[in-house]
**Q** 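Can you keep this structure in mind? I'll have questions shortly.
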Amino acid sequence: PSGTPIKLTTHEFEFLKILSRSAHKTVTRSLVIEQLLKDPNQYDTRNLDALVLRLRKKIEQASAHTFPLKTVHGVGYVISKISCDD
């Protein structure tokens, strides 16, 4: 919302691309992992959790706004409606 550019890693950028293709719909963790070209059977999901945590921190620090990424526990992630009124 503040228009501040944020440096992203390749995986962070790809993660956002995956979610943006399914705006306001839940994207499963397995689909995210698969789209990141990882083998879901061998990928440590803690890596995905760490990626999400880093991304949230980067966005919050750069823009002073909460990133509207919601975790759907046991399922995946969804980007909720963005509000600039915060």
Side-chain angles (χ1 to χ4, degrees):
S2 66
T4 304
I6 301 170
K7 271 191 167 181
L8 301 176
T9 66
T10 301
H11 278 113
E12 291 165 345
F13 182 78
E14 290 300 320
F15 176 76
L16 290 176
K17 261 181 29 179
I18 293 163
L19 291 179
S20 69
R21 288 187 217 127
S22 300
H24 308 294
K25 294 181 183 172
T26 302
V27 179
T28 64
R29 291 171 64 88
S30 60
L31 180 64
V32 170
I33 293 167
E34 187 178 295
Q35 295 277 320
L36 289 174
L37 303 176
K38 304 292 183 186
D39 180 354
N41 297 319
Q42 297 192 9
Y43 185 75
D44 186 347
T45 58
R46 289 177 293 190
N47 292 334
L48 184 56
D49 296 335
L51 180 145
V52 169
L53 181 63
R54 279 194 319 269
L55 194 53
R56 283 183 172 140
K57 283 184 181 180
K58 281 184 180 183
I59 291 171
E60 288 180 19
Q61 288 174 352
S63 71
H65 291 276
T66 301
F67 182 42
L69 174 66
K70 304 295 180 204
T71 301
V72 180
H73 292 283
V75 180
Y77 303 97
V78 63
I79 294 182
S80 63
K81 183 178 177 191
I82 297 173
S83 171
C84 295
D85 298 331
D86 295 339

**Q** Please confirm whether the backbone N or O of K25 pairs with a side-chain atom of S22, one donor and one acceptor, at under 3.5 Å?
**A** no
**Q** What are the two closest heavy atoms between A62 and I6, and how far apart are they?
**A** CB-CG1, 3.6 Å
**Q** Distance-only, no hydrogens or angles: does the S63 side chain make a donor-acceptor pair with backbone N or O of H65 under 3.5 Å?
**A**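 Confirmed, S63 side chain pairs with H65 backbone.
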**Q** Compare every heavy atom of E14 with every heavy atom of L36, then report the nearest pair and how far apart it is.
**A**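 In terms of heavy atoms, the two residues are closest at CD2-CB, 3.6 Å.
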**Q** Test side chain to side chain contact (heavy atoms under 4.5 Å, CB included) on L8 and L55; report intermediate values, then the result.
**A** CA-CA 8 Å; L8 301 176; L55 194 53; 3.6 Å; yes
**Q** Taking only residues two or more places apart in sequence, or in another chain, which ones meet F67 in a ring pair (Phe, Tyr, Trp, His ring centres under 6.0 Å)?
**A**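 For F67 there are no ring pair (Phe, Tyr, Trp, His ring centres under 6.0 Å) partners, ignoring immediate neighbours.
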**Q** Compare every heavy atom of D49 with every heavy atom of R29, then report the nearest pair and how far apart it is.
**A**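 Taking every non-hydrogen atom into account, NH1-OD1, 2.9 Å.
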**Q** Between K57 and E60, does any side-chain N to carboxylate O distance fall below 4.0 Å?
**A**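 No, this pair does not count.
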**Q** Which pair of non-hydrogen atoms, one from V32 and one from I18, has the smallest distance, and what is that distance?
**A** O-CD1, 3.9 Å
**Q** Does Y43 have any ring pair (Phe, Tyr, Trp, His ring centres under 6.0 Å) partners at least two apart in sequence or in another chain, and if so, which?
**A** none
**Q** Which Ile, Leu, Val, Met, Phe, Trp or Tyr residues join L53 in one cluster when any pair of side-chain heavy atoms under 4.5 Å counts as a link?
**A**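 Noted: L53 shares its cluster with no other residue.
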**Q** Donor-acceptor check, side chain of T71 to backbone of Y77, threshold 3.5 angstrom: yes or no?
**A**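 Answer holds: no.
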**Q** If only atom types and distance count, is the side chain of K58 paired as donor or acceptor with the main-chain N or O of K7 below 3.5 Å?
**A**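 Such a contact is found between K58 side chain and K7 backbone.
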